[in-house]
2 protein chains.
Amino acid sequence: MPTQPPEPDSATDSDIELHNADVCNVVGAVAEVGSKWKLVVLNDLQDDEKRFNELKRSTGASSYTLSRVLADLEDHGLVDNRKELESPVASYYTVTEKGRALSPVFEALDEWGATWLD
Amino acid sequence: MPTQPPEPDSATDSDIELHNADVCNVVGAVAEVGSKWKLVVLNDLQDDEKRFNELKRSTGASSYTLSRVLADLEDHGLVDNRKELESPVASYYTVTEKGRALSPVFEALDEWGATWLD
DNA sequence: CGGCATCCTTGGAGATACTG
DNA sequence: CAGTATCTCCAAGGATGCCG
């Protein structure tokens, strides 16, 4: 008979605290940009400014998904948006300095893929 | 009246082909390792071999999720598993050369996080 | 052109319980 | 200890339509 209450299968609160206090910020970085569409979109914006539909074609995301991803990235200061309201309207997206700072990540991913994929 | 059938909202087949033939393999890399748990687990294994429950505590993943992520990583040749069947049983996980080759990615993510998070 | 609103499907993932 | 088996829930995301 245990003197402690039974532990749930997943991490306990104290585990989570330990885990949050963990050494590196890879976990934090992954939490902020570590989703498929965010990585793909940010990578696509590294080189140059792009419009909404350009991103849609190059990434393959639906307009619904793309607009949500871009809004989220903008909220977190990773991309900037510039709108031209004259008809036909145009919307240009660029990476901020914060977003641009991820380029070493993409270079590392690119090199890894070149070596280990196909 | 369009001479072409109406295009759906998302990318067309030809778009997808263009996209797959795209320059860089960041997209491929993201497809293989670009999910939260895979990144977190691989990062946790970069330094040294770990056992199942060690990973469970350090990552915060449930045993269900962790076992599935590890199996998937093993299937793709990113981690190796060594089992000791003597009681109490033990299961040790390590990164393969392919998984170890991702360390520049994690270093880049760590540095980015150090600069741009909190 | 650049989205937003809506519906709907799917997979990711936690909780819980059980086994060798 | 190291998982597996279910059940369940929720967010991601595609399809479609509409609008300034």
Side-chain angles (χ1 to χ4, degrees), chain A residues 2 5-13 15-16 19 27 30-41 44-45 49-75 79-94, chain B residues 2 5-13 15-16 19 30-41 45 49-75 79-94:
Chain A
E7 297 215 350
D9 184 37
S10 59
T12 62
D13 286 351
D15 287 336
I16 292 173
H19 156 248
V27 174
V30 167
E32 180 143 343
V33 298
S35 79
K36 173 191 168 187
W37 286 122
K38 288 184 186 173
L39 288 170
V40 168
V41 167
D44 252 40
L45 285 175
E49 171 177 83
K50 287 196 176 178
R51 327 181 33 164
F52 187 84
N53 276 352
E54 277 185 282
L55 281 171
K56 192 155 82 98
R57 301 190 94 251
S58 58
T59 63
S62 70
S63 61
Y64 169 80
T65 297
L66 183 58
S67 68
R68 309 222 62 252
V69 168
L70 285 170
D72 195 24
L73 290 174
E74 203 177 343
D75 286 346
V79 306
D80 273 339
N81 179 220
R82 172 175 64 87
K83 292 183 191 296
E84 292 180 358
L85 295 177
E86 305 83 58
S87 177
V89 295
S91 192
Y92 295 90
Y93 292 89
T94 53
Chain B
E7 298 213 353
D9 185 40
S10 59
T12 64
D13 288 348
D15 287 336
I16 291 175
H19 155 249
V30 167
E32 179 142 345
V33 299
S35 80
K36 172 190 169 189
W37 286 123
K38 287 183 187 175
L39 288 169
V40 168
V41 167
L45 285 176
E49 171 177 83
K50 286 195 175 176
R51 329 186 26 168
F52 187 85
N53 276 353
E54 276 185 281
L55 282 171
K56 193 155 81 100
R57 301 190 95 250
S58 57
T59 64
S62 69
S63 60
Y64 169 80
T65 297
L66 183 57
S67 68
R68 309 227 67 251
V69 169
L70 286 170
D72 195 24
L73 290 175
E74 204 177 341
D75 285 345
V79 307
D80 272 339
N81 178 221
R82 173 174 62 88
K83 294 182 189 298
E84 291 181 358
L85 296 178
E86 303 84 61
S87 178
V89 295
S91 191
Y92 294 90
Y93 293 91
T94 53

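Each chain gets a letter, A, B and so on, in the order its sequence line appears, and its residues count up from 1.
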Among C/dG2, D/dC1, D/dT4, the one nearest any side-chain atom of B/Ser67 is D/dT4

Does D/dC1 have its OP1 or OP2 closer than 4.0 Å to a side-chain nitrogen or oxygen of B/Lys83? no

Nearest-angstrom distance from the residue atom CG of A/Asp72 to P of C/dC4: 13 Å

To the nearest 10°, give me the bend of the helix from C/dC1-D/dG20 to C/dG20-D/dC1, comparing the axes of its five terminal pairs at either end. 50°

Using atom NZ of A/Lys56 as one end and atom C1' of D/dA15 as the other, report the distance to the nearest whole Å. 11 Å

Grab the CD-C1' distance between B/Glu86 and C/dG20 for me, whole Å please. 15 Å

Which whole-number value in Å describes the distance from A/Asn81 CG to C/dC4 P? 10 Å

Taking all non-hydrogen atoms of both residues into account, name the closest pair between B/Val79 and B/Leu70 and its distance. CG2-O, 3.9 Å

Base, sugar-phosphate, or nothing for A/Tyr92, non-hydrogen atoms under 4.0 angstrom? nothing

Could you check whether A/Glu49 pairs with A/Arg82 (Lys NZ or Arg NE/NH1/NH2 to Asp/Glu carboxylate O, under 4.0 Å)? yes

Under a 3.5 Å threshold, yes or no: a donor from one side chain and an acceptor from the other, between A/Asp80 and A/Thr94? no

Minimal heavy-atom distance between B/Thr59 and B/Trp37, with the atoms involved, is O-CZ3, 3.4 Å

Rounded to whole angstroms, how far apart are CG on A/Leu85 and C1' on D/dC19? 15 Å

Phosphate OP1/OP2 of C/dG2: any A/Arg51 side-chain N/O under 4.0 Å: yes

Please tell me if the side chains of B/Lys50 and B/Leu45 come closer than 4.5 Å, counting only heavy atoms from C-beta onward. yes

Quick check: closest heavy atoms across A/Lys56 and A/Leu66, and the distance to 0.1 Å? N-CD2, 3.5 Å

Looking only at heavy atoms, what is the nearest atom pair of B/Arg51 and B/Ala90, with distance? NH2-CB, 3.4 Å

Length of the CD-P vector between B/Glu74 and D/dA2, whole Å: 14 Å

Return the value, rounded to whole Å, for the distance between atom CG of A/Leu66 and atom P of D/dA15. 14 Å

Polar side-chain atom of B/Ser67 near backbone of B/Tyr64 as donor-acceptor pair, under 3.5 Å: yes

Please enumerate all residues that pass salt bridge (Lys or Arg N to Asp or Glu O under 4.0 Å) together with B/Glu54, with sequence neighbours excluded. none

Please pick, from C/dC1, C/dG3, D/dG3, the nucleotide with the shortest atom-to-atom distance to any side-chain atom of B/Ser63. D/dG3

Measure CZ/B/Phe52 against P/D/dC1 and give the value in whole Å, please. 11 Å

Distances for protein N/O vs nucleotides 10-13 of chain C N/O pairs under 3.5 angstrom?
from: C/dA13; atom 1: O5'; to: B/Trp37; atom 2: NE1; distance (Å): 3.4

